[in-house]
Each structure stands twice: as structure tokens, then as C-alpha cells.
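Just so we're on the same page: letters track the sequence lines, and every chain starts at 1.
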Amino acid sequence: MPIRRRVEMPKLPVEERMRSFKEVALGLTEEQAVQEAERCLQCPHHPCTSGCPVGIDIPKFIKMIAERNFREAYRIIKEKNAIPAITGRVCPQEVQCEMKCTLARMGEPIAIGALERFVADWAIREGIVEEEIVKEDSNGMNVAVVGSGPAGITVAADLAKLGYDVTVFEALHKPGGVLVYGIPEFRLPKRIVELEINYLKRLGVEIKTNIIIGRTYTIEELLKEKFDAVFIGTGAGMPKFLNIPGENLVNIYTANEFLTRINLMKAYLFPEYDTPIKVGRRVGVIGGGNVAMDAARTALRLGAEEVYIIYRRTEREMPARRDEVINAKEEGVKFQLLTQPVKFIGDENEILRGIQCIKMKLGEPDATGRRRPIPIPGSEFNFEVDTAIVAIGCHVNPLIQRTTPQLKTNKWGCIIVDDWGRTSMKRVYAGGDVALGEATVIQAMGTGRKASTAIHQDLKKK
Amino acid sequence: MMCRKFEILEKRTLAPKIKEIVLYAPEIARKVRAGQFIIVRVEEKGERIPLTVADWNRNKGTLTIVFQEIGVSTYKLGKLDIGDRLTDIAGPLGNPSKIENYGRVICIGGGVGIAAIYPIARELKKMNNYVISIIGARSRELLIYEDEMRKVSDELKITTDDGSKGRKGFVSDELRDMLAKGVKVDRVIAVGPAIMMKVCADVTRPYGIKTIASLNPIMVCGMGMCAACRVEVGGKTRFVCFEGPEFDAHEVNFTELMKRLNAYREEEKIALEKYLKKIGEVKPNAN
């Protein structure tokens with residue numbers, strides 16, 4: 001029997017994308033979802049599940065979709081994943097569950113991410129989300145979760161279900177971490193994030209915004225004053241720089257600043273909202289990851305005439321998801337590859353006018369397995385831009401590590417943890433990017449799951 | 001009395017366009033120290049703006065903030081009344097001022113920066129420093145916190161640009177003359193407009209006196225995540241919110257700081273005009 005083709009998710013037409021921040025990937029219809037679910041071979045050894053950092057029983061929920069029992073499909077996913085409407089959208093399934101799918105070797109893998117999203121969106125539409133609260137009675141123990149991104153959300157949901165009184169501390173004024181300030185509306189609507197956060201609140205989790213742990217309270221104060229355990233999931237949010245001349249010229253943004261102004265502060269609605277943003281005619285985005293794509297696509301939507309991704313390797317080595325690269329190209333983002341900035345050029349008012357770049361070629365593979373970019377001597381050229389966005393990654397947030405000297409860190413500032421998220425400090429756990437370095441949403445959730453398991457085990461013993 | 005979080009408990013006008021408010025924020029009040037700041041959002045559609053904490057009362061759970069109505073956010077803040085609430089306050093942010101017994105310290109405050117130098121001067125005095133304060137404003141009516149500064153200073157010097165009070169000239173003129181007269185100084189701390197801090201740093205440089213400036217760049221996050229506030233200090237890019245706000249003034253690239261402060265000048269004008277039109281004021285008052 002020939003294997004049917006994978007159902008492709010419908011997308012918003014390009015012309016319509018460029019006029020708004022509407023979500024680009026539209027989600028599968030019910031018929032499409034069932035059709036796709038029917039392709040699943042239901043392999044007895046579940047290779048896909050082993051590729052899921054939070055261990056969702058993938059074949060089972062897909063079977064339920066094929067049987068049109070969406071409610072049961074939702075229950076199965078939710079057992080392991082507190083925020084499926086989010087992960088269904090932003091997980092890199094192509095290098096996780098879908099890569100392990102048996103069909104991947106025989107053709108095209110099952111669209112697991114699209115199916116997860118379908119189920120989550122269905123549950124939101126049907127109002128099922130409200131009903132699925134299963135929770136043990138309070139055990140009287142208090143857990144503090146620092147950071148309300150993917151890792152923190154997972155720990156908070158897991159422990160609240162087990163009967164812990166959980167308080168989440170968020171430094172910004174809105175919970176969600178990178179889901180709120182980092183990922184744009186057209187890839188992850190903020191309404192979806194709010195809904196998933198509301199689920200936490202219905203589980204009884206208290207979310208305290210505007211509290212900066214390390215400043216407002218230290219970790220030691222949390223342990224002394226109220227909490228039996230603390231989970232640190234503060235992420236990697238401290239932007240890296242190229243360390244080249246001119247990086248502080250006016251109109252050079254870090255991707256974090258650019259995206260925070262737009263996503264969190266709604267600068268795209270200036271002056272209805274007070275926070276401004278400046279997007280020039282020609283924008284250069286430096287970097288080749290998902291964040292670079294997000295920034296480039298955002299700049300186009302804000303009216304830039306030309307937006308370039310400036311990347312020192314080739315498209316093959318780009319860390320961005322394939323789909324995001326395709327979306328970016330469809331929307332008109334141009335790719336200036338094998339190019340490395342060496343200097344930002346400003347005018348007499350220190351306003352950015354261009355980037356001096358050098359051409360690169362690829363050499364031998366480096367530690368990441370990707371071919372190392374090597375500058376070609378004498379190939380310098382000027383690249384005219386009036387806005388630059390630096391999207392070359394982030395360091396872990398250092399505040400808690402610096403204000404908690406007992407907490408051991410590695411040379412990159414990541415909090416050192418064992419396999420279960422235990423730090424060098426008793427009753428203190430960590431997960432997500434602050435322990436992993438930069439990783440994905442679902443990897444962060446995976447480490448959160450392990451930490452919540454450890455916290456439950458350790459506190460039970462008390 | 002039950003106070004609500006982020007409620008304004010007291011408000012007074014210190015000078016034209018300069019207001020002082022007392023806010024209920026007990027979690028911050030228990031922790032804040034001299035030199036630290038908070039990030040506030042006045043309302044749902046508002047910006048995140050940094051404001052230095054001028055004073056606090058740990059028992060009452062209050063913070064005192066002094067600000068000048070310059071842009072849309074400070075105008076909106078100035079419109080709020082006793083009993084109104086701010087949407088968000090986060091803090092305390094930044095590193096506290098380093099308070100030690102240095103000996104003889106000159107504390108310089110310019111304009112609204114006088115309120116920011118006040119708690120620093122007070123703590124330095126408590127540590128038995130000999131505190132000489134130089135405070136300045138454009139004119140007599142714009143001079144704030146004179147009484148407060150007098151109480152925490154061993155000597156208080158006043159300058160105004162127009163000579164309507166104290167010495168005619170800038171705070172840096174007073175500083176220059178003092179040093180020229182041979183006054184022995186162990187440390188200088190300056191808070192005010194970037195240009196004022198730059199000139200003060202230039203004045204002390206030949207004497208090799210350790211000089212600290214509390215920087216006031218544009219900020220968004222206030223916690224080391226966005227880098228909007230970055231500035232070159234000693235040839236390196238530093239985050240003011242997270243590594244500052246105080247830096248060695250002799251190492252700060254003030255020219256860069258000033259250019260970056262002007263980055264949104266057009267947008268700030270648009271936003272303010274739109275707001276003033278909305279509330280029925282035609283244009284910002286002079287002053």
C-alpha cells in the first residue's frame with residue numbers, strides 16, 4: 001500500500017501576512033487532522049515518544065484523533081504537557097518526535113506537531129480546557145518557581161497537580177517569559193499564551209509579576225521565609241554581542257530589545273501604546289536562528305523596504321527551523337550569506353549608516369559539526385543599512401547566580417545541576433536555559449518535568 | 001488603613017513640572033538601598049520607565065519618587081492623584097551605591113537628580129563622611145530638596161544657571177573652584193543630566209579624584225535582558241540596569257550616552273503631543 005502524503009498545514013497568504021501580525025500557520029481542519037492521524041502506523045515501540053522531551057504518549061493521542069475522540073486525545077497530551085497549544089506551535093518537531101517517526105524513513109513523518117496543535121486548539125474552542133482540572137488535595141508544602149517561561153510553567157503545573165502550593169515569580173509585568181517577550185504574535189498568538197497561563201491559575205498557582213528574585217527577594221529569603229523548595233527557571237536572556245566597533249550606535253538593537261518593544265510593549269501600535277520602535281528602510285539582522293527570523297519578519301511587517309539576514313555560514317548550517325526560513329523567504333526576507341560583520345559605521349551623530357562586512361568561506365567542521373566559517377582576506381565590503389538587529393544568541397541570566405554565592409555554576413554561568421535538576425544548594429533546583437544554556441521550549445519543559453519529579457521525591461521524604 | 005499595592009499615598013509639587021509622590025510598595029521598600037531604582041508602568045498602554053528612589057519607609061512600606069514631567073510617561077504619572085494606582089512597579093533594581101567611610105565626599109545633584117543624590121548623601125553622612133553637597137538648577141523655582149540636602153550635608157552649595165539663587169553658574173563651576181582652592185576631596189558622586197556629569201568628570205580628572213556618576217540611559221526591561229541601556233565604560237559595553245547604575249565617571253563614554261538618550265526624540269515628541277491633545281493641553285508648558 002503506498003504511503004499517503006503528509007497533510008500540509010494551510011498558511012495565511014503572504015499579502016495578508018504583511019499587513020498584520022496575524023498568525024501565519026493556520027492549523028489543520030478537523031478533516032485534515034483525522035486524515036493525517038490515519039496515516040500513523042501505531043508502531044508498538046513508539047519511537048516518536050522517545051523523541052519527546054516530556055514523553056507524551058504520541059501514538060495514543062494520534063489514535064484518538066483518528067477515532068475522532070478529541071477529548072481523550074487532549075487528556076492524553078495534557079497528562080504530560082501543560083501547554084500543548086504553545087508547543088504544538090513552537091516545538092522543533094522535525095528534530096524531535098517527527099525525526100524518530102518510522103514514516104520519516106519511508107517518506108514523510110506524521111505531522112505530530114500540527115496534530116498536537118489541532119487537539120489543543122480544539123480544546124480551547126470547545127471550552128474543554130476549563131474542565132480538565134484534576135488536582136490532589138493540598139499537602140501544605142510551598143514551592144517557589146522563579147521565572148514563568150516554559151520550564152517554570154511545567155514545574156508549576158506538575159507540582160500544583162500533586163497538591164503543592166506553588167508561587168511563580170516573574171520579573172516582568174506579564175507572565176510567560178520568552179513566550180511573551182520573545183516569540184512574535186504571528187508565530188505564537190499572545191492570546192494562546194494567556195490561555196495556557198490561565199490554566200496554571202486555575203490549578204491554584206499564584207503568579208506574582210514584577211518580582212525580581214535576586215533583588216526583591218534572594219533565594220535564601222525564599223527558603224527561610226516560606227518555601228520548602230525553590231525551582232530556578234530564569235532562562236537565557238542576556239544578549240550576546242559581536243564585540244566589534246560601533247555596536248552601541250543609535251538604531252542597533254539586540255533582538256531581545258527589538259522583540260520586547262514589539263511583543264511585550266506593543267510598539268507596533270505606537271503611538272496608541274507609548275513605547276516607540278524605529279525601523280528604517282534597510283534592515284540587517286545578524287544571525288541565523290529562529291530569533292533572527294522572528295526579528296527579520298517583524299521588521300518587514302513594520303514597513304521596512306528591505307530586510308537582510310546576515311549570516312556567516314550558508315543556509316544549510318542555519319540553526320533556524322526550516323519552516324521559519326521558508327516563511328521568511330516567502331515574505332521577502334533576503335539572505336546575505338557567508339558574510340560576517342566586522343564594524344558598524346555611523347554618521348557624525350552616531351547614527352547607524354552601514355555595516356562593514358567580510359566575505360566568508362566554509363572550512364573544516366567545528367565542535368558543533370558544522371563547517372567553520374573562515375574570513376576571505378581582502379573581501380571587506382560596506383553593506384548599507386539604517387537599522388541593525390543583533391540576533392546571535394544570549395547568555396544565561398546571571399542575577400540569581402551572582403546574588404546566591406552558594407549556587408555552583410559552570411564557566412558559561414549556567415547553574416550546575418544533576419540529572420534531576422538538583423543544584424549544589426539544598427532544596428534548590430534549576431532547569432530550562434539557565435541550566436542548559438540556550439535550548440528549545442520543549443527541552444526546557446523536559447528539564448522542568450525532571451525537576452518537578454525530583455522535588456516531589458525529595459519533599460515526600462521530609 | 002489598608003493601602004493597595006502601588007497606590008499613591010502622598011503627592012506634592014516641588015517645582016513647576018517636578019513632582020514628588022509616595023507609593024505603597026512594601027516588598028520593594030523593605031529591600032531598597034540608596035542608589036537603586038525602580039521600573040514603573042503608569043498604565044496598561046504605558047512604557048516601562050526607570051525612576052530613582054529618593055526615599056523610603058520600611059515600616060510603612062512606602063517609596064518616595066521625584067520626577068520631572070518631560071515625556072508622555074512622566075506626564076501621565078504627574079496626572080495621577082492620591083488614591084490612584086500605578087499599573088506596575090518592579091524593583092529594587094540596579095546595584096546600591098557603595099557606602100563607606102571615604103573621608104570627605106562631594107555629592108553633586110543637578111535638577112531632578114538632586115532627589116537621587118539625596119539618599120546617597122544621607123547614607124554617606126551616616127557613615128561619618130564629611131559631606132559637601134553641591135546642588136544646582138536652572139533657576140530658583142526649579143531648585144528642589146534644598147532643606148533635605150541641608151540636613152544631610154556638612155556644607156551645602158547652591159548654583160543656578162540664571163543666578164536667581166546661590167551662585168550663578170553650573171554645579172561644575174562650583175566644583176572647579178573648590179578643587180582649585182585646594183579643598184581635599186576623597187570622592188565625588190554626581191547625579192544629574194548626562195552633560196552635567198560629563199563636565200564634573202572632566203573637572204575632577206586632572207586631580208585624580210575618584211568620581212562616580214549614576215547613569216540615566218533609556219531602559220526597557222531594567223534587568224539585563226534587552227540591552228537598551230548599554231553604554232561604553234572603560235572601552236567595554238556595560239548594561240547600566242544590571243551592572244550600574246553607578247560607574248567610574250572617568251571611564252564613561254558620555255558622548256555615546258547622550259546620543260543614545262536622543263534616539264527617540266521624534267517619537268517622544270509625537271507621543272507627548274498626542275497625549276496633551278487628548279487631555280486638552282495644547283503644548284507642554286514652558287519650564
| message | Other residues, nucleotides and ligands only: do more than 12 of their heavy atoms fall within 6.0 Å of CZ on B/R205? | response | yes
| query | For B/I89, is it the side chain, the backbone, both or neither that has a heavy atom under 4.5 Å from a heavy atom of chain A? | reply | backbone
| query | Is a side-chain N or O of A/N256 found less than 3.5 angstrom from the main chain of B/M225, in a donor-acceptor match? | reply | yes
| Do you know the tightest heavy-atom contact between B/A263 and A/K278? | O-NZ, 3.1 Å
| request: Could you look at B/I218 and say if it's the side chain, the backbone, both or neither that has a heavy atom under 4.5 Å from chain A? | output: side chain
| query | Taking atom NZ of B/K11 as the centre, does the number of heavy atoms from other residues, nucleotides or ligands within less than 6.0 Å exceed 12? | reply | yes
| If you count heavy-atom pairs under 4.5 Å between each of B/T237, B/N262, B/V220, B/T255 and chain A, which one has the most? | B/T237
| note | All heavy atoms of B/G224 vs all of A/P239, minimum pair found to be O-CD, 4.0 Å
| remark: Here the gap from B/E44 atom CD to A/H173 atom NE2, rounded to the nearest 0.5 Å, amounts to 7.0 Å
| message | Quick check on side chain to side chain contact (heavy atoms under 4.5 Å, CB included): which of B/E268, B/E266, B/E267 does A/P276 satisfy it with? | response | B/E267
| remark: The interface call for A/I351 against chain B, heavy-atom contacts under 4.5 Å, is neither
| field | Heavy-atom pairs under 4.5 Å with chain A, option from B/G71, B/A228, B/A271 with the top count | value | B/A228
| Looking only at heavy atoms, what is the nearest atom pair of B/R230 and A/L249, with distance? | NH2-O, 4.5 Å
| request: May I ask you to list the residues in residues 211-218 of chain A that approach chain B closer than 4.5 angstrom, counting heavy atoms only, ordered by number? | output: A/I211, A/I212, A/R215, A/T216, A/Y217, A/T218
| said: Can you tell me how far apart CD (A/E350) and CG (B/N253) are? Round to the nearest 0.5 Å. | reply: 6.5 Å
| field | A/R261 side, atom CZ; B/E47 side, atom CD - distance, nearest 0.5 Å | value | 7.5 Å
| B/V42 versus chain A, the contacting section by heavy-atom distance below 4.5 Å | neither
| query | Shortest non-hydrogen contact from A/T254 to B/C226? | reply | OG1-O, 2.7 Å
| message | Which one wins on heavy-atom pair count under 4.5 Å against chain B: A/N251, A/N397, A/T209, A/I252? | response | A/I252
| Looking only at heavy atoms, which two atoms of B/C221 and A/L172 are closest? And how far apart? | CB-CD2, 4.5 Å
| task | Could you tell me whether B/E27 and A/K208 have a side-chain N and a carboxylate O separated by less than 4.0 Å? | result | yes
| remark: Between the CD atom in B/E43 and the OH atom in A/Y273, the distance rounded to the nearest 0.5 Å is 9.5 Å
| query | Where does A/E221 contact chain B at under 4.5 Å (heavy atoms): side chain, backbone, both or neither? | reply | side chain
| Going from CZ on A/F241 to NZ on B/K236, what distance comes out if it is rounded to the nearest 0.5 angstrom? | 14.0 Å
| Residue part contacting chain A, namely of B/F239, when any heavy atom lies under 4.5 Å | side chain
| query | In Å, rounded to the nearest 0.5 Å, how long is the span from CE of A/M265 to CZ of B/R41? | reply | 5.5 Å
| Within 6.0 Å of NZ in A/K240, more than 12 heavy atoms from elsewhere | yes
| query | Relative to chain A, which segment of B/K274 carries a heavy atom at a distance below 4.5 Å: side chain, backbone, both, or neither? | reply | side chain
| Of the backbone (N, CA, C, O) and the side chain (C-beta and beyond), which part of A/K266 lies under 4.5 Å from a heavy atom of chain B, both, or neither? | neither
| message | Is it true that, when you exclude B/R33 itself, more than 12 heavy atoms of the residues, nucleotides or ligands shown sit nearer than 6.0 Å to its CZ? | response | no
| request: Kindly give the heavy-atom pair with the smallest separation between A/D274 and B/G46, and that separation in Å. | output: OD2-CA, 3.5 Å
| Got a salt bridge between B/R30 and A/E225, using NZ or NE/NH1/NH2 to carboxylate O under 4.0 Å? | yes
| said: Do A/N248 and B/E256 pair up side chain to side chain, a donor and an acceptor below 3.5 Å, judged on atom types alone? | reply: yes
